[in-house]
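Everything on this sheet refers to the single structure shown next.
None of the values given here were measured: they were computed from a predicted structure.
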Amino acid sequence: MKLSDAELEIMEKVWEMDGPVTAARLTERLAEKGWKPSTLLTFLARMVNKGALAVEKQGKQNLYRALVSADAYRAGEVRELLGRYYSGSVKSMVAALYDGKGLSDGELAELRAWLEEEAKHHE
């Protein structure tokens, strides 16, 4: 499932609110976007069709809840990025970040410590 930038912004709010949410509450939380309620409803319908959200009627309102967690969605996006740009190689991606000065010395040390810790779990 691939979400557009706007859909991802909506999904971030759904994840933050951690539970079923109405379109009205999402409209409040996304007020800075200046979207009309009908625009938000269009996005929500698309997200339901994509399988990102479930919708349940409660009285006169629809309640929306995430069908995918933030971690699972982000992991999928990273796997797609790895496959598309780095032929599935984590090493190539990290090398590109480091060579392009995308990683600071502190981030590199943090990554090294994490890798060492992960290696202990696989022994």
Side-chain angles (χ1 to χ4, degrees):
M1 161 194 20
K2 181 74 174 162
L3 298 176
S4 70
D5 290 344
E7 291 167 344
L8 185 55
E9 286 184 64
I10 294 166
M11 202 66 184
E12 292 286 350
K13 295 299 182 195
V14 171
W15 288 324
E16 283 175 21
M17 296 164 79
D18 194 29
V21 61
T22 64
R25 290 262 303 142
L26 284 168
T27 299
E28 290 171 10
R29 297 292 296 268
L30 293 159
E32 75 280 358
K33 303 302 289 178
W35 291 334
K36 294 178 183 175
S38 60
T39 301
L40 180 62
L41 289 173
T42 299
F43 282 128
L44 292 171
R46 285 184 196 159
M47 294 167 72
V48 168
N49 288 337
K50 288 181 178 184
L53 294 175
V55 62
E56 179 184 321
K57 191 83 166 165
Q58 187 176 55
K60 294 184 179 185
Q61 296 185 18
N62 286 333
L63 290 178
Y64 297 90
R65 66 178 171 79
L67 289 177
V68 63
S69 71
D71 288 343
Y73 182 78
R74 290 181 183 124
E77 288 290 291
V78 169
R79 281 191 299 276
E80 182 181 335
L81 175 84
L82 275 173
R84 180 179 294 172
Y85 296 107
Y86 301 101
S87 302
S89 170
V90 174
K91 179 185 173 277
S92 294
M93 184 181 77
V94 172
L97 288 171
Y98 188 68
D99 291 344
K101 304 300 182 227
L103 291 173
S104 68
D105 289 340
E107 289 170 322
L108 189 57
E110 184 180 351
L111 180 58
R112 184 178 294 116
W114 181 82
L115 288 169
E116 288 171 0
E117 187 63 31
E118 286 297 306
K120 288 178 188 175
H121 294 299
H122 290 280
E123 292 177 352

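Both Trp15 and Leu40 sit in one connected hydrophobic cluster of ILVMFWY residues. Membership requires side-chain heavy atoms under 4.5 Å apart, directly or through other members. Cluster membership for Leu63 and Leu30, using ILVMFWY side-chain heavy atoms within less than 4.5 angstrom, is not shared. Val48 and Met11 end up in the same hydrophobic cluster when Ile, Leu, Val, Met, Phe, Trp and Tyr side chains are linked at under 4.5 Å.
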Could you walk me through whether Leu82 and Val90 pass the side-chain contact (heavy atoms from CB on, under 4.5 Å) check?
CA-CA 7 Å; Leu82 275 173; Val90 174; 3.8 Å; yes
With side-chain contact (heavy atoms from CB on, under 4.5 Å) as the criterion, how do Val14 and Leu53 come out once you've worked through the C-alpha distance, each side chain's angles and the decisive distance to 0.1 Å?
CA-CA 9 Å; Val14 171; Leu53 294 175; 4.1 Å; yes
Trace of the side-chain contact (heavy atoms from CB on, under 4.5 Å) decision for Val94 with Leu111:
CA-CA 10 Å; Val94 172; Leu111 180 58; 3.7 Å; yes
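Remark: Ile10 CD1 to Ser4 OG distance equals 7.0 Å, nearest 0.5 Å. Separating the CG atom in Leu44 from the OG1 atom in Thr27 is a distance of 8.0 Å, to the nearest 0.5 Å. Here Leu41 contributes atom CG and Leu26 contributes atom CG; the two are 10.0 Å apart, rounded to the nearest 0.5 Å. Note that the CG atom of Leu8 and the CE atom of Met47 stand 8.0 Å from one another [nearest 0.5 Å].
A 4.5 Å side-chain heavy-atom check between Thr22 and Arg25 finds at least one atom pair inside the cut-off.
Taking Glu117 as the reference, Lys120, His121 meet the side-chain contact (heavy atoms from CB on, under 4.5 Å) condition, with sequence neighbours excluded. The side-chain hydrogen bond (donor to acceptor under 3.5 Å, both in side chains) test applied to Lys13 returns no partner, not counting sequence neighbours. Contacts of Arg65 classified as salt bridge (charged side-chain N to carboxylate O under 4.0 Å, His left out), with partners at least two apart in sequence or in another chain: none. The side-chain hydrogen bond (donor to acceptor under 3.5 Å, both in side chains) search around Glu110 returns none, not counting sequence neighbours. Every residue meeting the side-chain contact (heavy atoms from CB on, under 4.5 Å) condition with Glu80, not counting sequence neighbours, appears here in chain and number order: Lys2, Glu77, Arg84. The side-chain hydrogen bond (donor to acceptor under 3.5 Å, both in side chains) test applied to Ser89 returns Ser92, not counting sequence neighbours. Scanning for side-chain contact (heavy atoms from CB on, under 4.5 Å) contacts around Lys36 gives Ser38, Thr39, with sequence neighbours left out. Residues passing the side-chain hydrogen bond (donor to acceptor under 3.5 Å, both in side chains) test with Glu16 are Arg29, sequence neighbours excluded. Residues passing the side-chain contact (heavy atoms from CB on, under 4.5 Å) test with Ala72 are Val68, Ser69, sequence neighbours excluded. Shown here are the salt bridge (charged side-chain N to carboxylate O under 4.0 Å, His left out) partners of Glu107, two or more places apart in sequence or in another chain: there are none.
Among residues at least two apart or in separate chains, ring-ring contact (aromatic ring centres under 6.0 Å, His included) pairs with a member in residues 19-76 are Trp35-Phe43. The salt bridge (charged side-chain N to carboxylate O under 4.0 Å, His left out) contacts involving residues 42-63 comprise Glu7-Lys50, where partners must be two or more places apart or lie in separate chains.
With respect to the salt-bridge test (charged N to carboxylate O, under 4.0 angstrom), the residues Arg74 and Glu12 qualify.
Within a 6.0 Å radius of CG in Asp105, no more than 12 heavy atoms belonging to other residues, nucleotides or ligands are found. A 6.0 Å sphere centred on CD of Glu28 holds more than 12 heavy atoms belonging to other residues, nucleotides or ligands.
Among all heavy-atom pairs drawn from Ala52 and Met1, the shortest one is CB-SD, 3.2 Å.
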